[in-house]
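In what follows, a single structure is set out as structure tokens and then discussed.
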Amino acid sequence: MKDEFERNIDYLRISVTDRCNLRCVYCMPKEGVVCASHDDILRYDEILQICRCMTRLGIKKIKLTGGEPLVRKNLPWLAARLKEMPGIEKVTLTTNGILLPLYVDELKKAGLDGINISLDTLDERLFSRITRRDMLREVKAGIDAAYESGIPLKINCVPLGMPGQDLMEIAALARDRNIHVRFIEMMPIGYGKNFAFQGEDEILQTLRSSFGPVYPAADHLGSGPCHYYTVEGLKGKIGFISAISHKFCGSCNRIRLTSQGFLKACLQYETGCDLRELIRGGASDEEICRIAGQVILNKPKGHQFLEKGIRQEESHSMAQIGG
Ligand code: SAM
Ligand code: SF4
């Protein structure tokens, strides 16, 4: 359905857990977020009920995220049920990749349409500093497993402005394999507020001096706000999700469901509605559609990341919201 600014909302990001096997410094505190109790997290049947309602409101694409979605049991089962749901055209996954070698075959069987793997550096020491875990080898194995499965693969990298983060090494992952690499501007949400901002224009410049000419790509890949470039010498494309330097709120097509069942219309604000309470209170699908429809209709016009003193600003970490 359309919101009050005529944006067509057809994409839902679902965080299936707030737990994670990494502790990225811009996403979580070192002891991890205080995890919600098992009962507070939406059950799979509740997620499916919400998604059925969402298809009636025009949601066609679903992204499974977290925390780390693959630490939740039976995630491929959920992906398979979503894939067979009438009205759902695409189901994709965002993961840190560590558990992919275990689950990629089941995800492939489930019909998953795409995998995004987050990777901010290929330097082992820096990886351990950023993620507070020594698991770069596991992430690389996850990338290989995903690539070999044939499920379309993208790498997501957040520039942190940390010395030694060689973004061009990450870009070079697109050199020989058809993997698209995307740079995501750091958003000042949760722990992200503590990091230096490195924007698209600066990275484009470095791409040019490292690889040669860079051209805007004619095709639009995926369902989101990423815009892509063809870079000479690279097989895959290089994309940018530049929420700060190239604000895209005017064409935002997404809403978010947290692991505890809160439906959020915009990343920056805490406004939305508690669908878990509704479902557990016995609300009918019609009631859920009516209230979720209101959240979509009232989706804020845009973020105000660069302004101070914003009312109802999001206080949860990205691991809790799902990124
Ligand atoms: N654990 C999975 C992963 O890392 O891909 C899924 C959840 S994670 C919260 C989703 C994405 O959000 C990751 O690519 C992560 O780098 C990104 N992210 C976390 N905090 C961010 C911030 N403040 N600004 C921009 N991206 C952020
Ligand atoms: Fe975990 Fe992803 Fe957050 Fe890193 S970015 S701590 S992998 S949820």
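Numbering of ligands and ligand atoms starts at 1, following listing order.
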Subject >> atom 4 (Fe) of ligand 2: protein N, O or S atoms that are less than 2.8 Å away, sorted by chain >> reply: C24 SG
Subject >> Min heavy-atom dist G67 to ligand 2 below 4.0 Å >> reply: yes
Original post:
Salt bridge or not for R43 and D45, using N-O below 4.0 Å?
Top reply: yes
**OP:** Taking atom types as modelled, find out whether N298 and D3 have a side-chain donor-acceptor pair closer than 3.5 angstrom.
**Re:** no
Ligand 1: which protein N/O atoms lie under 3.5 Å from its N/O atoms?
residue: ligand 1; atom: 1 (N); partner: G67; partner atom: O; Å: 3.0
residue: ligand 1; atom: 1 (N); partner: E68; partner atom: OE1; Å: 3.2
residue: ligand 1; atom: 4 (O); partner: S118; partner atom: OG; Å: 3.3
residue: ligand 1; atom: 5 (O); partner: T95; partner atom: O; Å: 3.4
residue: ligand 1; atom: 5 (O); partner: S118; partner atom: OG; Å: 2.5
residue: ligand 1; atom: 14 (O); partner: S118; partner atom: OG; Å: 2.8
residue: ligand 1; atom: 16 (O); partner: Y26; partner atom: OH; Å: 2.9
residue: ligand 1; atom: 23 (N); partner: M187; partner atom: O; Å: 2.9
residue: ligand 1; atom: 24 (N); partner: M187; partner atom: N; Å: 2.8

**OP:** With side chain to side chain contact (heavy atoms under 4.5 Å, CB included) as the test, would you mind laying out the steps for V71 and C20 before giving the verdict?
**Re:** CA-CA 7 Å; V71 302; C20 188; over 6 Å; no
Original post:
Is there a donor-acceptor pair closer than 3.5 Å between any side-chain N or O of K264 and the backbone N or O of C266?
Top reply: yes
Original post:
For T95 and E68, does a side-chain donor sit closer than 3.5 Å to a side-chain acceptor?
Top reply: yes
**OP:** Take D120 and N156 through the side chain to side chain contact (heavy atoms under 4.5 Å, CB included) test and state the conclusion after the steps.
**Re:** CA-CA 8 Å; D120 299 329; N156 286 342; over 6 Å; no
**OP:** Check the hydrophobic clustering (I, L, V, M, F, W, Y; side-chain heavy atoms under 4.5 Å; chains of links allowed) and say if M28 and M135 are grouped together.
**Re:** no
Subject >> Ionic contact status for D113 with K61, cut-off 4.0 Å >> reply: no
**OP:** Give every residue pair that meets the side chain to side chain donor-acceptor pair (under 3.5 Å) criterion with at least one member in residues 136-152, sequence neighbours excluded.
**Re:** D144-R177
Original post:
Do any pairs count as a ring pair (Phe, Tyr, Trp, His ring centres under 6.0 Å) and have a residue in residues 150-189, sequence neighbours left out, and if so which ones?
Top reply: H180-Y228, F183-F240
